[in-house]
Amino acid sequence: MKPRKELYVAELMFNLARFVDESAIYDSSTIVKELPDNCFLSQYINGGYNAFTAIYAEEDVLTEFAAKYSKFKIDKYDALVNELIGDFLNLHNGLFIVNLSDTEDVDASLDVPILEKPETAFELFGTTYILPVEFDFGTVNFVLSE
Amino acid sequence: MRIEDLKVLICDDSLLARKSLTDSLKKAGCKDIIEVYDGQAAIESYKANRPNVVFLDIIMPVKDGVTATREICEFDPDAHVIIVSSVGTQVHLREAIKAGAKDFLQKPASTSQIRNALLNMKGVTEE
């Protein structure tokens with residue numbers, strides 16, 4: 001399967017600037033074998049392109065991210081924050097697979113976002129990238145395993 | 001029928017998407033709006049409430065929007081289902097139309113897109 005990390009990152013940065021905060025700056029990716037314990041907000045892409053995607057950050061950073069994305073007033077980290085982060089991931093991944101379909105004629109679909117830590121380990125694919133994005137309010141790490 | 005007289009059912013597992021859609025529908029003039037959050041609930045709510053139009057997401061827990069569209073349209077061939085989804089690929093669009101959807105809006109849908117989708121319904125007017 002052809003890697004699509006560059007396309008994924010380009011779409012991600014476009015969507016972050018459009019829906020969250022224009023201060024987003026992408027730092028260089030790193031390749032990992034395992035994910036940290038606080039990485040559970042995730043979503044699988046499947047079909048013509050298969051990948052595992054996720055978002056993690058410190059709780060106060062996720063809270064600020066969710067507030068900026070939703071335009072809601074959110075004071076503390078709770079289930080609503082996770083739901084909103086899952087919503088952004090779903091929106092971004094959806095727009096990514098539309099781009100994939102339009103530009104490369106690859107048809108993929110999405111599973112429902114996972115908002116709680118699952119009992120079993122995530123299925124990681126060949127290469128797992130951490131994609132750190134710096135905002136004024138902290139660093140949000142995106143995960144792409146493809 | 002005027003937009004303000006429409007009974008609207010919206011179904012999306014995303015709280016934010018439901019709020020955004022409800023806000024847009026209210027701006028368009030809709031007053032009677034029912035919210036549910038998964039495809040099975042949409043089918044049950046459709047049968048119970050018989051709305052004039054249904055807005056459905058695709059990626060949802062319990063039952064996805066394409067399956068819900070199919071079951072709603074089997075129950076009522078005149079049902080007017082509009083899909084509002086982030087996964088607007090050609091395949092998903094084809095599946096939705098094949099299931100009986102009348103329209104497909106890519107998320108995030110604007111208020112004017114929502115209003116136009118309502119005005120595209122047969123017999124619906126702004127005033």
Side-chain angles (χ1 to χ4, degrees), chain A residues 11-12 14-20 41-49 51 53 65-74 78-116 118, chain B residues 10-24 26-27 35-42 55-70 82-99 101 104-111 113-114:
Chain A
E11 183 72 44
L12 175 65
F14 180 77
N15 290 330
L16 287 171
R18 182 180 175 194
F19 299 118
V20 183
L41 295 162
S42 60
Q43 186 173 41
Y44 285 100
I45 301 172
N46 52 55
Y49 173 71
T53 66
F65 184 100
K68 282 185 178 291
Y69 170 57
S70 66
K71 313 290 187 290
F72 291 172
K73 188 176 185 309
I74 304 173
D78 58 14
L80 174 64
V81 170
N82 288 354
E83 183 174 340
L84 292 168
I85 299 289
D87 188 279
F88 173 79
L89 190 62
N90 185 61
L91 176 67
H92 158 61
N93 283 336
L95 293 169
F96 168 69
I97 67 168
V98 170
N99 193 350
L100 201 57
S101 171
D102 290 346
T103 60
E104 300 188 28
D105 203 24
V106 172
D107 285 310
S109 192
L110 302 176
D111 286 354
V112 174
I114 298 165
L115 305 181
E116 294 176 354
Chain B
I10 65 177
C11 178
D12 198 309
D13 58 320
S14 158
L15 169 73
L16 187 60
R18 290 199 305 276
K19 182 181 182 304
S20 171
L21 189 49
T22 299
D23 288 348
S24 290
K26 284 180 178 171
K27 282 179 190 167
E35 291 184 31
V36 294
Y37 53 86
D38 70 57
Q40 185 58 40
F55 287 88
L56 275 175
D57 186 22
I58 290 184
I59 310 296
M60 291 189 291
V62 185
K63 191 167 279 187
D64 67 78
V66 171
T67 305
T69 299
R70 189 176 300 113
I82 299 170
I83 298 287
V84 187
S85 175
S86 62
V87 290
T89 65
Q90 290 300 316
V91 168
H92 285 99
L93 198 147
R94 274 199 302 272
E95 284 179 354
I97 299 298
K98 196 175 167 188
F104 194 116
L105 301 178
Q106 173 72 44
K107 280 186 182 177
S110 66
T111 298
Q113 287 174 309
I114 302 292

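In what follows, every chain begins at residue 1, and chains take the letters A, B, ... in the order their sequences are listed. Side chains are part of it too, since the values below use all heavy atoms of this structure and drop only hydrogens, waters and symmetry mates.
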Atom of B:Lys107, atom of A:Leu95 and distance for their closest heavy-atom approach: O-CD2, 3.8 Å
Enumerate donor-acceptor pairs with a distance under 3.5 Å from any side-chain N or O in residues 108-116 of chain A to protein atoms, sequence neighbours excluded.
unit_1: A:Ser109; atom_1: OG; unit_2: B:His92; atom_2: NE2; d: 3.0
unit_1: A:Asp111; atom_1: OD1; unit_2: A:Asn46; atom_2: ND2; d: 2.6

Considering all heavy atoms, the nearest A:Val98-B:Gly88 contact: CG2-N, 3.2 Å
Residue A:Leu80 versus chain B: region with a heavy atom under 4.5 Å: side chain
Contact class of A:Phe19 relative to chain B, heavy atoms under 4.5 angstrom: side chain
Close side-chain approach of A:Leu91 and B:Pro108, heavy atoms under 4.5 Å: yes
Within-4.5 Å side-chain heavy-atom neighbours: B:Leu16 and A:Phe88: no
Over 12 non-hydrogen atoms of neighbours within 6.0 angstrom of CZ in A:Phe14: no
Distance-minimising heavy-atom pair for B:Val87 and A:Gly94: CG1-CA, 3.8 Å
Nearest heavy-atom neighbours spanning A:Asp87 and B:Ala17: OD2-N, 4.3 Å
Distance in Å, B:Ser85 OG paired with A:Asn90 CG, rounded so as to fall on 0.5 Å steps: 7.5 Å
Portion of A:Leu84 that has a non-hydrogen atom of chain B nearer than 4.5 angstrom: side chain
Nearest-0.5 Å distance, CG of residue A:Asp107 to CD of residue B:Glu95: 9.0 Å
